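Structure, as structure tokens:
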Amino acid sequence: MGYLSTDKKKITANIFLQMKAAGEKIAQMTAYDYTTAKILDQAGIDSILIGDSASNVMAGNEDTLPITLEQIIYHARSVARACSHCLVVCDMPFGSYQVSKEEAIRNAIRIMKESGADALKLEGGVEIADTIKGIINAGIPVVGHLGLTPQSIHKFGGYGLRAKESSEAEKLIQDALALDTAGVFAITLEKVPAELASRVTKMVKAATIGIGAGSGTDGQVLVYADALGMTQDFKPKFLRYFADVKTCMTNGVQDYVKSVKDSTFPNESESY
Ligand code: KIV
């Protein structure tokens, strides 16, 4: 059986909606550099997210807040250059869309112009729905992000499960409906109960992409370094390792060091 995602040359926001309608799950992963993005794109990933998690994964920061507009554009441009098939979504960094609608639209246009990304992702619900509408009116496809929103980590005080209580669950539903009305084509649902994520998925036109949100969403997203077993000191319940790249790289580096030390690298055929 052919998948919509493999039938078409380039995945677009509209194809996300067709995949939701057809019940075809959407597989998204983060990437932040050309080489990794090329492997993901050629392996058949539906979408790459240049997440502001680059702040943690690439730069070693404690949270996502420090990453700048210039830095995310650099990462997104590197990824977009590598991708011919998947939909490239770029996070708007903390501080680039919260001050005013006008500044948000200006920064959104700048990211699109300078990076070559296909779409942008913003965190928040009702309070940024009007800003999102403005960005969409400028011709830019937008993904919303609800539940655990890491840019607000200092407000929430931790990375625990969100929307456990019925009042927070109701607020999340209202936020999802506001984003849907604003015209987002997808909504990331991070670390919320599976039952709530399934309920929201049925209520909205947008495709829902879950991370720690159970199997009832229209798709899944994981940080590539976590999913491929590079960052093995981080193992939340929702994470599955799909490879053991840390061990593979460690073995390769140890073999290289040994080969240099014992002068077996380079050999004659590797020399000019
Ligand atoms: O920045 C990121 O990697 C994200 C995903 C966790 C959804 O927003």
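Side chains are part of it too, since the values below use all heavy atoms of this structure and drop only hydrogens, waters and symmetry mates. Sequence positions, counted from 1, serve as the residue numbers for this chain. All ligand and atom numbering here is 1-based and tracks the order in the structure. Bear in mind the structure is a predicted one, so any value in this text is a computation, not a measurement.
- Salt-bridge check for Glu103 with Arg110: failed, with every basic side-chain N at 4.0 Å or more from each acidic carboxylate O.
- When non-hydrogen atoms are compared, ligand 1 lies under 4.0 Å from the side chain of Leu49 (C-beta onward) but not from its backbone.
- Distances shorter than 4.0 angstrom occur between a heavy atom of His145 and an atom of ligand 1.
- Salt bridge Glu195/Arg199: present, at least one basic N to carboxylate O contact under 4.0 Å.
- Side-chain atoms of Ser78 and Asp33 form no donor-acceptor pair, as typed in the model, at a separation below 3.5 Å.
- With a heavy-atom cut-off of 4.0 Å, Thr30 touches ligand 1 through its side chain alone.
- Here atom 1 (O) of ligand 1 lies nearest to Asp52 when heavy atoms of Ile50, Asp52, Asn56 are compared.
- Among protein heavy atoms, atom 3 (O) of ligand 1 sits closest to Ser53 OG, 2.5 Å.
- Of the candidates Ile209, Ile72, Thr188, Leu189, it is Thr188 that places a heavy atom closest to atom 7 (C) of ligand 1.
- In the vicinity of Ile211, heavy-atom distances shorter than 4.0 Å reach the ligand 1 atoms 6 (C).
- Ligand 1 has an N or O atom lying under 3.5 Å from an N or O atom of Lys121, backbone or side chain.
- The residue Thr64 has no part lying near ligand 1, judged by heavy-atom distances below 4.0 Å.
- Not a single donor-acceptor pair under 3.5 Å links the side chain of Thr149 to the backbone N or O of Gly124.
- Put simply, the side chain of Asn267 gets close to the backbone of Ser269: a donor and an acceptor are under 3.5 Å apart.
- Proximity to Gly51 (heavy-atom distance under 4.0 Å) selects the following atoms of ligand 1: 1 (O), 2 (C), 3 (O).
- At distances below 3.5 Å, at least one donor-acceptor pair connects side-chain atoms of Thr231 with backbone N or O atoms of Ala225.
- Judged by distance alone, the side chain of Gln18 and the main-chain N or O of Leu4 form no donor-acceptor pair under 3.5 Å.
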